[in-house]
Asks: 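Here it is: the structure, laid out below.
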Amino acid sequence: MAEETVFGKIVSGEIPVDLLAETERVIAFRDMNPQAKIHFLVIPKTTEYTNVVELAAGDPELLAEMIAVAQRLADEHADGEFRLIFNNGPLAGQTVFHVHAHVLAGDLEESTLVGS
Ligand code: AMP
């Protein structure tokens, strides 16, 4: 079984967040340490996948659903355009091993990288 992460606790409700979007299999909320005017996280409810490579191989439809939620958030909160970042592995800045997409929008010239 995968080790429990902070995002697993968010999915189970143990750690409260303000949900920005929810589908049957995905939730989205604000990153607590924003790197841009808009910085949201989109995560699957399942704890099965630690990173996007595993998710793409195991459940590409779920990955597509996450990206559709990212687009919806960018439409609602920005001009519909956004940067989508998956940190993949500790050397790339991944700190939470429950796959998640960073959705950044607004004044992106001030923001180049996420994490580390
Ligand atoms: P990564 O470095 O790609 O693994 O991204 C993990 C992200 O989760 C970081 O940007 C953190 O700021 C964010 N984060 C960690 N805990 C929480 C939390 N409880 N609520 C919102 N964002 C969080």
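Order of listing sets the numbers, starting from 1, for every ligand and every atom in it. Hydrogens, waters and symmetry mates are skipped; everything else that's a heavy atom, side chains included, is used. Along the sequence shown, residues carry numbers from 1.
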Asks: Is there a heavy atom in H102 that sits closer than 4.0 Å to ligand 1?
Replies: yes

Asks: Answer side chain, backbone, both or neither: which part of Q35 comes under 4.0 Å from ligand 1, heavy atoms only.
Replies: neither

Asks: Mind checking whether M32 has an N or O less than 3.5 Å away from an N or O of ligand 1?
Replies: yes

Asks: Counting only heavy atoms, tell me which of D31, V96, T5, D18 gets closest to atom 7 (C) of ligand 1.
Replies: D31

Asks: What distance separates L73 CG from F82 CZ, expressed to the nearest 0.5 Å?
Replies: 9.0 Å

Asks: Determine whether more than 12 heavy atoms belonging to other residues, nucleotides or ligands lie under 6.0 Å from atom CD of E61.
Replies: no

Asks: Kindly confirm or rule out an N or O of V6 lying under 3.5 angstrom from an N or O of ligand 1.
Replies: no

Asks: Relative to the heavy atoms of H100, which atoms of ligand 1 are at a distance of less than 4.0 Å?
Replies: 1 (P), 3 (O), 4 (O), 5 (O), 6 (C)

Asks: Which ligand 1 atoms are under 4.0 Å away from a heavy-atom of N33?
Replies: 12 (O)

Asks: With rounding to the nearest 0.5 Å, note down the distance linking CD1 in I43 to OG1 in T5.
Replies: 7.5 Å

Asks: Kindly indicate, with the supporting measurements, whether the criterion ring-ring contact (aromatic ring centres under 6.0 Å, His included) is fulfilled by H102 and H100.
Replies: CA-CA 7 Å; H102 295 262; H100 53 280; 5.2 Å; yes

Asks: Does even one non-hydrogen atom of F7 get within less than 4.0 Å of ligand 1?
Replies: yes

Asks: Starting from F97, can I reach L41 by hopping between I/L/V/M/F/W/Y residues whose side chains sit under 4.5 Å apart?
Replies: no

Asks: Between ligand 1 and F29, can you find any atom pair, the residue atom being a heavy atom, that is separated by under 4.0 Å?
Replies: yes

Asks: Going by distance only, is there an N or O of H39 that falls short of 3.5 Å from an N or O of ligand 1?
Replies: no

Asks: Under 4.0 Å, heavy atoms only, figure out whether ligand 1 is touched by the backbone of N87, its side chain, both or neither.
Replies: side chain

Asks: Looking at E54, I want to see if its CD is surrounded by more than 12 non-hydrogen atoms of other residues, nucleotides or ligands under 6.0 Å.
Replies: yes

Asks: So which bit of I85 gets within less than 4.0 Å of ligand 1, heavy atoms only: side chain, backbone, both or neither?
Replies: neither

Asks: Any side-chain heavy-atom pair from I10 and H98 closer than 4.5 angstrom?
Replies: no

